[in-house]
Amino acid sequence: MARSWLTRLPFPSRKSSRPSGRSRSGGGVVNGSRVSPQRVEPESGPSGEKPELPRSYRPLFLRPLFWAVMLAGAGIAGGVTRAYRVIETTNANLPDPNQALTYQRDGTITMTSADGVILQKLGPASRETITYDAMPKHLVQAFIASEDQRFYEHNGVDYRGIARAVWANVQNRDLVEGASTITQQLARIVFLDQERSFQRKIKEAMMASKLEESLTKEQIIERYLNLVYLGSGAYGVADASWVYFGKTIDQLTVAEAAMIAGMAPAPSLYSPTVNVEAASSQRNRVIRRMLATEAISGVEAEEAITAEVAVTPNQPKFLYSEFPYFTIYIQKQLEALLPPDQLEAGGLTVETTLNVVWQRRAEETVEEAVADYSGWQNVGQVSLVAVDPRNGEIKAMVGGTDFTSENQFNRVTQAQRQPGSTFKTFVYAAAIAGGISPYRSYMDARYVVDGYEPKNYGKNYSGNMDLLQALRNSVNIVSVKLLVDVGFDPVVKLAERMGIESPLLPAYSLALGTSEVNLLELTSAYGTLANKGIHRPAHGIRRVLNSSGEVIYERPNESEQAIDADSAAIMTWMLRGVVEGGTGSNAYIGRPVAGKTGTSEEYRDLWFVGYIPQLVAGVWMGNDDNTPTSGASSMAAGVWRNFMAKLTDDIPVEEFPSLPRLGGREGSITLSPVKPGRVVAENGPSRSSEAASSSGGGESRRSRRSESRSSGGGEPAAAPAPAYNSGSSSSQRSSPPASPEPAAPVVTEDPPAAPPAPAPQPVNTAPPAPAPVAPAPAPPPLVAPPPPLEPPPPAGGE
């Protein structure tokens, strides 16, 4: 028998029998005498053999096996404890599985139009999302056969599949098969990352189980097939179908569906655009699995395996915008409206203000204009923007015709150009708001203020005229005189309240539009007049929603009564005269329209901004290198008319507010007249000027050079000098100016097609006392748009 483990312990030796009084180990006293110690030998047994002594052993704590067992036990216990803690912590912090239904990857942004049309998708977004019912049955079965054959049987984790994968990997001595279910893969996409760790696998399994408890199998497979990355920028099966085959998913064959399913484990290896051989082999493996699971018949499998791999690569849908000027403008606005962490989180849906139908019509109009005028009129670029003045929403924006990855310059928002005579509207608006009558008379004659001498076309003058006629014919000298009477500060502040954001230089040339602005702010400011004097800032974003559908930004309802409603109505009435019988006649569309033309020096910038009660639109024409054109602002008015004519079926006719009484009005703003240092103002035109007065003193499209000059000037002196004609003296003089006034470029404009007619007579009012003669009634409105533009005559002049 084997000895008990107790016999192996190092107990002390048992005492042997010995005579009384004798020491076993020797030494001691015997019969009173000391004897030396002697070794005591064990006595022999009967057979003469010596008895066996107990063996000596090392203690357990000195044995390596003991510590190995102890460490192994501690490791197992620690691992179990750690796993328990991980499971408990993970279970307590698991996210809501319903988030899988709304998940979007980081950095994704979807922009939609005002009516919900997708404009662009940025970042790693699924460009097209498909419901489970819309997915072909063989496509779903291809993924199940390839990725998770027991998908409908397990509860998120396939333990049998795990055992099968382990055995296959052991047999092949390599990682040839995975054990993650489709539910686990969805959990990894939505809630986890690609970290390879024990804790991540526990989280993945637990999250998969929780998904199975909360969602149906159909919801799980739908979300997975819409989110799985399949290479070449394709996120989801609908994207892959378009990117690789140029088809919608309902058009996919069994072979194509199997190829898409085969890419899921490693798109970089099995993509047909990367390696056709590997993609074909993987496709055939999926087909055989589909046959084994009876998803397809033998005939279908044979046809699919013998099918040729035919790939027609395409860019993902919505990767590039159809309207890039507008969508890039929106991206820049987002950066100013939302913090970086919200933009990085992604899953954002941006609801914009764009009207897709109107935008396409605006694109067509701009392309037609460039084609028509780029040759004989030397116009290289055209830009157009349309804004709803009632809420400030941008409805169409075309920043040019040459958008590329290298050139994204937006001429609506980024081009700062001289507005020319379109700025006169703000000078006149300040005068009207200050209580000045549209019938106040001014002398169109030679005028020099602090050394600055504005000129009309051809140095011609028209004599005495009221503001109504001067605005209609865009007379430069009257505009400068009016600016002197109103003052720099009232004009600048009113323009800013109405929507001009660019800095404005308080100089006499401001009246002729020499301070640069961009088309969007100029158009928005005109919209203030269309909206009864209430300014609503132009914007392109209505709301921004996160991936859960929560509104994280909504456009505030901003508005400001920039100019009183009566003054706005009077200005609209005056600007109607510009279109119905003045320089803007090419903009007539057979319904009430108000607007103003503008031209900068040497015809470098051609403008028209006009409005109806429901829409304001602005057009700019010119060249990026600032070279002169051979055109005229009447061309911009014609482009405006072409665009608006395409919208008339969508916009009902609406009348402008009725004209208020003009007599006895009090100003709503305080004027601050300029106090010039030196003024020369003739009280009548010269004989040669009178002979040429039929031109209206306005700006002519035949001009090819600057007609406005300055010969010095200075800071205003203390004594004021009225700018309008008093009829009492030929000139006014005072102390010389202290510093020079900068020279202003010419601001010229087209004369009307016919001799100017008086503006429409206001209702329920009579001309105020200062007017020597009441204006003649307006001619009946035109019944058809003006004829198409003809090429201008050669330079040289009238």
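Sequence positions, counted from 1, serve as the residue numbers for this chain. Just the heavy atoms: all of them, side chains too, but no hydrogens, waters or symmetry mates, feed the values below.
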Residues [X] and [Y] bridged, charged N to O under 4.0 Å:
X	Y	result
Arg360	Glu322	yes
Glu560	Arg536	no
Asp625	Arg604	no
Asp388	Lys395	no
Lys646	Glu368	yes
Arg555	Glu558	yes
Arg543	Glu351	yes

Is it the case that the side chain of [X] and the backbone of [Y] share a donor-acceptor pair, with hydrogens and angles ignored and the cut-off at 3.5 Å?
X	Y	value
Ser479	Val475	yes
Asn355	Val357	yes
Thr523	Leu519	yes
Gln120	Thr327	no
Lys424	Ser474	yes
Ser515	Leu510	no
Asn456	Asn476	yes
Trp573	Ala594	no
Thr528	Met498	yes
Asp605	Thr599	no

Side chain proximity check, [X] to [Y], heavy atoms < 4.5 angstrom:
X	Y	value
Lys481	Val478	no
Val398	Gln359	yes
Arg440	Asp466	no
Trp620	Val382	no
Val593	Arg641	no
Ile436	Val486	yes
Val579	Asn586	no
Val366	Ser383	no

Step by step, would you call Leu319 with Arg127 a side chain to side chain contact (heavy atoms under 4.5 Å, CB included)? CA-CA 8 Å; Leu319 179 63; Arg127 313 289 164 176; 3.8 Å; yes
Can you sort out the partners of Tyr329 under ring pair (Phe, Tyr, Trp, His ring centres under 6.0 Å), two or more places apart, ordered by chain and number? none
I need the minimum non-hydrogen distance between [X] and [Y], along with the two atoms involved.
X	Y	answer
Ile651	Leu615	CD1-CD2, 4.2 Å
Pro490	Ile669	CB-CD1, 4.4 Å
Ala362	Leu384	CB-CD2, 3.9 Å
Ile570	Pro438	CG2-CG, 3.9 Å
Ala565	Gln561	N-NE2, 3.8 Å
Phe643	Thr365	CA-OG1, 3.7 Å

Take atom CD of Glu554 as the centre, draw a 6.0 Å sphere, and report whether it contains more than 12 heavy atoms from other residues, nucleotides or ligands. yes
Within 6.0 Å of NZ in Lys317, more than 12 heavy atoms from elsewhere: yes
Of the options Phe608, Tyr611, Tyr526, which is the one that meets Trp640 in a ring-ring contact (aromatic ring centres under 6.0 Å, His included)? Phe608
I need the [X] [atom1] to [Y] [atom2] distance, nearest 0.5 Å.
X	Y	atom1	atom2	value
Ile589	Asn642	CD1	CG	11.0 Å
Glu601	Thr514	CD	OG1	10.5 Å
Ser567	Lys532	OG	NZ	15.0 Å
His539	Leu520	NE2	CG	11.5 Å
Arg417	Trp607	CZ	CH2	8.0 Å
Ile500	Glu521	CD1	CD	5.0 Å

Met621 and Val639: CA distance, side-chain angles, deciding distance, side chain to side chain contact (heavy atoms under 4.5 Å, CB included) verdict: CA-CA 9 Å; Met621 306 174 73; Val639 173; 4.1 Å; yes
Could you give all pairs that pass the ring-ring contact (aromatic ring centres under 6.0 Å, His included) test and reach residues 386-409, with sequence neighbours left out? Tyr325-Phe403
Could you tell me whether the side chains of [X] and [Y] share a donor-acceptor contact shorter than 3.5 Å?
X	Y	result
Glu367	Thr401	no
Gln381	Asp624	no
Gln331	Glu335	no

Do Asn623 and Asn378 pass the side chain to side chain contact (heavy atoms under 4.5 Å, CB included) test, and can you show the C-alpha distance, the side-chain angles, and the key distance before you say yes or no? CA-CA 8 Å; Asn623 295 303; Asn378 193 33; 4.0 Å; yes
Decide side chain to side chain donor-acceptor pair (under 3.5 Å) for Glu580 and Ser585; before the verdict, give the C-alpha distance in whole Å, the side-chain angles of both, and the deciding distance to 0.1 Å. CA-CA 6 Å; Glu580 294 173 6; Ser585 58; over 6 Å; no
Among Ile541, Leu337, Leu119, Thr110, which residue meets the side chain to side chain contact (heavy atoms under 4.5 Å, CB included) test with Val350? Ile541
Take Leu467 and Tyr439 through the side chain to side chain contact (heavy atoms under 4.5 Å, CB included) test and state the conclusion after the steps. CA-CA 6 Å; Leu467 292 179; Tyr439 294 117; over 6 Å; no
